[in-house]
2 protein chains.
Amino acid sequence: MPSERQKRTNDPEGMRQRVLDKTAEFFQTRGFHATSLGDVMTASGVSGGALHHHFPTKKALALAVIEERVAKVVRRTWMEPLQNAVSARDGVRLVFAAVADRLERQGFVRGCPLNNLAHELSLADPDFRAVLAGIFEEWRNAIADKMRADQQAGREIDVDPERFAASVVALYSGAMSMAKTAQDSSLLRLCARELGESGRDMLN
Amino acid sequence: MPSERQKRTNDPEGMRQRVLDKTAEFFQTRGFHATSLGDVMTASGVSGGALHHHFPTKKALALAVIEERVAKVVRRTWMEPLQNAVSARDGVRLVFAAVADRLERQGFVRGCPLNNLAHELSLADPDFRAVLAGIFEEWRNAIADKMRADQQAGREIDVDPERFAASVVALYSGAMSMAKTAQDSSLLRLCARELGESGRDMLN
DNA sequence: TTATAAACAGGATGATCACCCTGTTTTGGA
DNA sequence: TCCAAAACAGGGTGATCATCCTGTTTATAA
């Protein structure tokens, strides 16, 4: 039986996840440089020794956040809904609308976690840049693949899948940038309309 | 006549501009937080006292950089070429092409200075956010105004100028984000094609 | 010429930060 | 049961950074 002098319960995986959660949150609202490891330690209730044990450097922590949190957000927000959509174009419209809905409910815009970190870290470190570029590519590929599937079903024949994918990611990223800076989610909706309700729009 | 014990020549405005130049450069490649005032002092050959005399805080320096450098880049890159263009759509295409040309010549992508700082500073400080949002708005207004002028000449009747302007800024900002992260300016060209060469494109 | 303020120099300072080190506790397998 | 490794605690450390302060030099206006 556990004696009363058992003071600690080791939960390495739980502690790791707690650190990643809080760090991802701080990175999203303050960015990499404005987030201190002290902030992370206090917020996640982790000692300096434990933090260093799981993540030897701040860079290692950031890479884990990007690979295990940021990438996951992109997959859950974009790729999964897209695969379940009836078409590429419809899926993209649904994602734009879903994100705009969420932003309006929460009342403020923190921006796209991938873009936030990409801007701050892409030029700072080659390792950061490589991982971030990989997520962007995965994102574009998911959209292009869906569009190619549509085309194999005989639809959207005159569309270049790569160009469509890049433009959708660009439109979304840029719209989120503006929405974050203006703190106005209606800019996202405005850009979303450009994705074409009928056949006479920019992106149609 | 100037005696030989005249050791210094005061040039407050020149020194101010030199500081702004170097700071804008550092902000563009490293960002706000990764740029130390020591970096600025060494690079621009300015003493701590002089720097503090012209810009009492780092925030004041950053605000000056945004208002006197970043805003100017947007005006020179976007608004002036746009006003001289034959149409809004054509002007936008020209700017995309001009930027892509420059990026290819220089061989690397540092990104859009406005977006770079907007991502890092928008949520950090209300004053930063306000100034940055103002530049985005000015940018959008310039595009929308040009489109409205086209419409008064009977062209592009079925286009919403605000929507067009927001989408163009978003497409450009997002394309630059991707190009910067991938260090591949061809992504900008790919997105530029979405602006419509004939009449069957996303943005046409 | 002289007084006053602006312009500039350069070191001091306190706070912060990422990282490290030493030691203790817990865990799981031999 | 025991032992080695993993997990964790917490204080220390050198470096860096933004800001400040005191003093000196230059410009300007009376």
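Below, read A as the first sequence line, B as the second, and so on, with proteins coming before strands; counting in each chain starts at 1.
Listed by chain and residue number, B:F27, B:F32, B:F128 satisfy the side-chain contact (heavy atoms from CB on, under 4.5 Å) test with B:A62 (two or more places apart in sequence, or in another chain).
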All N/O contacts under 3.5 Å from nucleotides 14-18 of chain C to the protein, with atom names and distances to one decimal?
from, atom 1, to, atom 2, distance (Å)
C:dA18, OP1, A:T35, O, 3.4
C:dA18, OP1, A:K58, NZ, 2.8
C:dA18, OP2, A:L37, N, 2.6

Polar atom pairs (N or O), protein with nucleotides 28-30 of chain C, under 3.5 Å:
none

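At least one donor-acceptor pair closer than 3.5 Å links the side chain of B:Q28 to the backbone N or O of B:G111. A donor-acceptor pair is defined here as one N or O able to donate and one able to accept, closer than 3.5 Å; such a pair exists between the side chain of B:D39 and the backbone of B:S36. Not a single donor-acceptor pair under 3.5 Å links the side chain of A:D184 to the backbone N or O of A:A179. Looking only at distances, no side-chain donor or acceptor of A:Q151 sits under 3.5 Å from a matching main-chain atom of A:P161. A distance-only check finds a donor-acceptor pair linking the side chain of A:R129 to the backbone of B:T181 [under 3.5 Å].
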Contact letters for nucleotides 4-11 of chain C, in which S counts primed atoms plus P, OP1 and OP2 and B counts the base, heavy atoms under 4.0 Å: --SBBBB-
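The two residues B:M176 and B:C112 make their nearest non-hydrogen contact at CE-N, 3.6 Å.
Residues from residues 17-27 of chain B placing a heavy atom under 4.0 Å of any atom in DNA chain C do not occur.
For A:L51 and D:dG11, the CG to C1' distance is 15 Å, given to the nearest whole Å. Across the protein-nucleic acid pair, A:M41 atom CE and D:dA9 atom P stand 10 Å apart, rounded to whole Å.
Applying the ring-ring contact (aromatic ring centres under 6.0 Å, His included) test to pairs two or more places apart or on separate chains, none has a residue in residues 35-72 of chain B.
Side-chain atoms of A:R110 and A:Q183 form no donor-acceptor pair, as typed in the model, at a separation below 3.5 Å. Side-chain contact, A:H119 with B:E120: no donor N or O sits under 3.5 Å from an acceptor N or O. With hydrogens and angles left out, the side-chain atoms of A:K180 and A:N116 include a donor and acceptor closer than 3.5 Å.
Taking the six-membered ring for Trp and thresholds of 30 and 60 degrees, B:H33 and A:H33 have nearly parallel ring planes, at less than 30 degrees apart.
With salt bridges taken as basic N to acidic carboxylate O contacts below 4.0 Å, one links B:E138 and B:R75.
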